[in-house]
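For reference, the structure discussed in these notes is given below.
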There are 2 protein chains.
Amino acid sequence: MMTHCHTLIAALRQQGCRMTPQREMIVEALAHSGCHMTAEEVLEIVRQKTSAVNIATIYRTLDLLVDHGLATRADLGEGRVVYATIRHGPHIHLVCRRCGRAQEADTALLASVVDTLREQYHFCCDTSHLALYGLCEVCQQIEDRIRDA
Amino acid sequence: MMTHCHTLIAALRQQGCRMTPQREMIVEALAHSGCHMTAEEVLEIVRQKTSAVNIATIYRTLDLLVDHGLATRADLGEGRVVYATIRHGPHIHLVCRRCGRAQEADTALLASVVDTLREQYHFCCDTSHLALYGLCEVCQQIEDRIRDA
DNA sequence: TTCCTTGCAAAGGCTTTGCACACCG
DNA sequence: CGGTGTGCAAAGCCTTTGCAAGGAA
């Protein structure tokens, strides 16, 4: 059975990209994370195997994956740009403006909003690239405590 | 009658901030625009009156307004951070990923989504800081034409 | 062999900061 | 006057790019 990681590598090859140890490690890191990652986080994972990878290569490879439709890039704002492989289907990022962590929610939540935007605003909304800001459960409690104190 | 601009300036004073010609011009630019602006756009407006304002002062003043609850900052991603005074009530930014322009939509659209997020994900969503990405009407037509060609 | 990929370092773009001077209150 | 606010220039941060050397096919 092909792992998701191998599927991605095969797809890159098929599309005429050369495979290198660096690219393999980067794809592996992103595919195994099961979640979205920043370029810096990918570098960290890859560095656990070898120090012979440059941050520029990370950026170039992530862009390559996005350009070939094998990964998505989501700009969460505040300078946080995250990547995820496509198996990791569309989802909404729920970004906590206090701790910065992001949980994920089902895109289906937005179906009716997307329809309304198309009908009333003629705007074609891309739900694969979506972040909502607010407070996560933990930080809500922390802020409550601060307010009470 | 107090203009919105004067209201903001009075509020700043009340909160112990000193008023300077620079701050007045910056507040005026943002209050009169009736829309969200980047720091660079504010500078452009202010520069029409005088060249004696530095971009650092724009950033400092915009931060001041946000910190005092008189303006909001929204990170639209791709390095576009926009500011708006609070009279300019909450709204959704519909950002076109092709031309970069942002139109606005009513926050009420998201009411049910916000409720669901709170109930199912325990996430308290802040709708005053919100951007959705996609294609505006014009760019949809352009992309359609490119695809057909 | 060809020419795609990489590492390195430098350059970008946007934003923040340190400092001395200006000036509001 | 005292202390905040400003301009300037430099530094930061994240990301991209030019170039020569390395290496996949």
- [ ] For residues B:I86 and B:G69, report the shortest heavy-atom separation together with the two atoms involved.
- [x]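 Taking B:I86 first and B:G69 second, the nearest heavy atoms are CG2-O, 3.6 Å.
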TODO: May I ask you to say what B:R80 touches in the nucleic acid, namely base, sugar-phosphate or nothing, with a heavy-atom cut-off under 4.0 Å?
DONE: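 No contact.
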- [ ] Give the rounded distance in Å between these two atoms: CD1 of B:I55 and P of C:dT16.
- [x]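 Going from B:I55 (CD1) to C:dT16 (P), I get 10 Å.
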Distance check: side-chain N/O of [X] vs OP1/OP2 of [N], anything under 4.0 Å?
X: A:T20; N: C:dC4; value: no
X: B:R23; N: D:dT6; value: yes
X: B:Q22; N: C:dC23; value: no
X: B:N54; N: D:dT6; value: no

Task: Residue met sooner reading DNA chain C from 5', once B:A39 and A:T61 are mapped to nucleotides - done: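 Here A:T61 is the residue nearer the 5' end.
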TODO: Kindly say whether, by distance alone, the side chain of B:R60 makes a donor-acceptor pair under 3.5 Å with the base of D:dG7?
DONE: yes
Open item on the list: I'd like to know if A:R18 reaches the base of C:dC3 with its side chain, counting only an N/O donor and acceptor under 3.5 Å.
Closed with: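 In this structure, the two groups form a donor-acceptor pair.
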Open item on the list: If the threshold is 4.0 Å, N to carboxylate O, is there a salt bridge linking B:R60 and B:D63?
Closed with: no
Task: Positive for side chain to side chain contact (heavy atoms under 4.5 Å, CB included) with B:Y83, one of B:V66, B:V42, B:T72 - done: B:V66
Open item on the list: Taking the ring of B:H93 and the ring of B:H91, is the distance between their centroids below 6.0 Å?
Closed with: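 That pair passes the under 6.0 Å test.
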